Amino acid sequence: QVQLVESGGGLVQPGGSLRLSCAASGIIFSINTMGWYRQAPGKERELVATITSGGSTNYADSVKGRFTISRDNAKRTVFLQMNSLKPEDTAVYYCNANIRNNVLSVGMAYWGKGTLVTVSS
């Protein structure tokens, strides 16, 4: 099976920075798009940023210019560098990846369990 394990969440003051990481492991033939989503208390899960296997990126308007998504294909890891954090960025951040398990399979979406980011003074 496949596992996505996030790390790097925590408590940070407004204006601060955090770097999230998500490593994929298990039976993996290839990884297509990887991304980060977040869910704040009482709200629906929303897209934060995605990155294709070729490195093309997409960001939610609310994080453009502050967050940067990147990936290390050799290490099967995706990162989210978060700068100029605001209280409204407080949420559980989830890693997502579209993964093929073998050469004949289609891609399936996998999710991590999430890491909590709290922005507060």
Side-chain angles (χ1 to χ4, degrees):
Q1 299 303 319
V2 172
Q3 282 190 320
L4 298 178
V5 178
E6 302 103 331
S7 61
L11 174 64
V12 63
Q13 292 187 341
S17 299
L18 280 176
R19 189 187 195 216
L20 305 183
S21 300
C22 171
S25 63
I27 302 173
I28 297 172
F29 173 73
S30 65
I31 304 177
N32 303 317
T33 298
M34 304 183 82
W36 291 95
Y37 292 72
R38 68 186 181 186
Q39 187 167 18
K43 295 188 176 181
E44 294 186 351
R45 190 174 299 188
E46 63 176 4
L47 169 72
V48 176
T50 62
I51 183 167
T52 68
S53 57
S56 297
T57 59
N58 179 55
Y59 295 93
D61 288 343
S62 59
V63 306
K64 282 181 181 177
R66 300 188 298 122
F67 291 10
T68 302
I69 189 170
S70 61
R71 65 191 280 174
D72 184 329
N73 290 328
K75 295 183 178 180
R76 297 172 172 175
T77 301
V78 62
F79 306 96
L80 186 68
Q81 177 67 44
M82 305 185 294
N83 299 328
S84 303
L85 282 160
K86 305 175 181 180
E88 50 263 43
D89 294 318
T90 295
V92 177
Y93 284 70
Y94 296 91
C95 175
N96 170 271
N98 185 278
I99 295 174
R100 296 172 64 195
N101 301 114
N102 59 69
V103 65
L104 298 177
S105 68
V106 299
M108 291 181 58
Y110 291 89
W111 291 90
K113 294 183 178 180
T115 185
L116 178 62
V117 171
T118 303
V119 185
S120 175
S121 55

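None of these values were measured; they are calculated from a predicted model.
No more than 12 heavy atoms of other residues, nucleotides or ligands lie within 6.0 Å of CD in Gln3, so this atom counts as exposed by the packing criterion.
A donor-acceptor pair is defined here as one N or O able to donate and one able to accept, closer than 3.5 Å; such a pair exists between the side chain of Thr90 and the backbone of Val119. Proximity of a side-chain donor or acceptor of Glu6 to a complementary backbone N or O of Gly114 within less than 3.5 Å is detected. Here the side chain of Ser56 pairs no donor or acceptor atom with the backbone of Thr52 at under 3.5 angstrom. For the pair Tyr110 (side chain) and Gln1 (backbone), a donor-acceptor distance under 3.5 Å is absent. Without hydrogens or angle criteria, Arg100 side chain to Ser105 main chain gives a donor-acceptor distance under 3.5 Å. Checking side-chain atoms of Asn101 against main-chain N and O of Ile27 turns up a donor-acceptor pair under 3.5 Å.
Between the side chains of Asn32 and Ser53, no donor-acceptor pair of N or O atoms lies under 3.5 Å.
The aromatic rings of Trp111 and Tyr94 sit perpendicular, their planes meeting at an angle over 60°, well past the 30° parallel limit.
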Q | Derivation of the side chain to side chain contact (heavy atoms under 4.5 Å, CB included) call for Ser120 and Leu11 | A | CA-CA 7 Å; Ser120 175; Leu11 174 64; 4.2 Å; yes
Q: Show your working on side chain to side chain contact (heavy atoms under 4.5 Å, CB included) between Ser21 and Lys75 and close with a plain yes or no.
A: CA-CA 11 Å; Ser21 300; Lys75 295 183 178 180; over 6 Å; no
Q: Walk me through it: do Trp36 and Cys22 pass the test side chain to side chain contact (heavy atoms under 4.5 Å, CB included)?
A: CA-CA 9 Å; Trp36 291 95; Cys22 171; 3.7 Å; yes
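Taking 4.0 Å as the cut-off between side-chain N and carboxylate O, Lys86 and Asp89 do not count as a salt-bridged pair.
By the side-chain contact (heavy atoms from CB on, under 4.5 Å) test, Ser70 pairs with Phe79, sequence neighbours left out.
Going from atom NZ of Lys64 over to atom OG1 of Thr57 covers 9.5 Å, rounded to the nearest 0.5 Å. Considering OG1 of Thr68 and CG of Asn83, their distance stands at 6.5 Å, rounded to 0.5 Å. A distance of 8.5 Å separates OG in Ser25 from CZ in Arg76, rounded to the nearest 0.5 Å. Remark: Arg45 CZ to Arg38 CZ distance equals 13.0 Å, nearest 0.5 Å.
When all heavy atoms of Arg66 and Leu85 are compared, the pair lying nearest together is NH1-CA, 3.9 Å. The minimum heavy-atom distance between Ala24 and Leu4, with the atom names listed, is CB-CD2, 3.4 Å. Summarising the geometry of Ala49 relative to Leu80, their closest heavy-atom pair is CB-CD1, 4.4 Å, with the distance given to 0.1 Å. Considering every non-hydrogen atom in both Ser17 and Ser84, the closest pair reads OG-N, 4.4 Å. Minimum interatomic distance between Ser121 and Pro14 (heavy atoms only, all atoms of both residues): N-CD, 3.7 Å. Closest approach of Gly107 and Asn98 over heavy atoms only: CA-OD1, 3.4 Å.
With contacts defined as side-chain heavy-atom distances shorter than 4.5 Å, the pair Ile99/Phe29 does not qualify. The closest side-chain heavy-atom distance from Leu47 to Tyr37 is below 4.5 Å. Side-chain contact between Met82 and Val12 is absent, with no heavy atoms from C-beta onward closer than 4.5 Å. For the pair Ile31/Val78, no side-chain contact is recorded, criterion being any heavy-atom separation below 4.5 Å from C-beta on.
A chain of hydrophobic side-chain contacts below 4.5 Å, direct or via other Ile, Leu, Val, Met, Phe, Trp or Tyr residues, connects Val117 to Tyr59. Note: the hydrophobic cluster containing Met108 also contains Ile28 (ILVMFWY, side chain heavy atoms under 4.5 Å, direct or indirect links).
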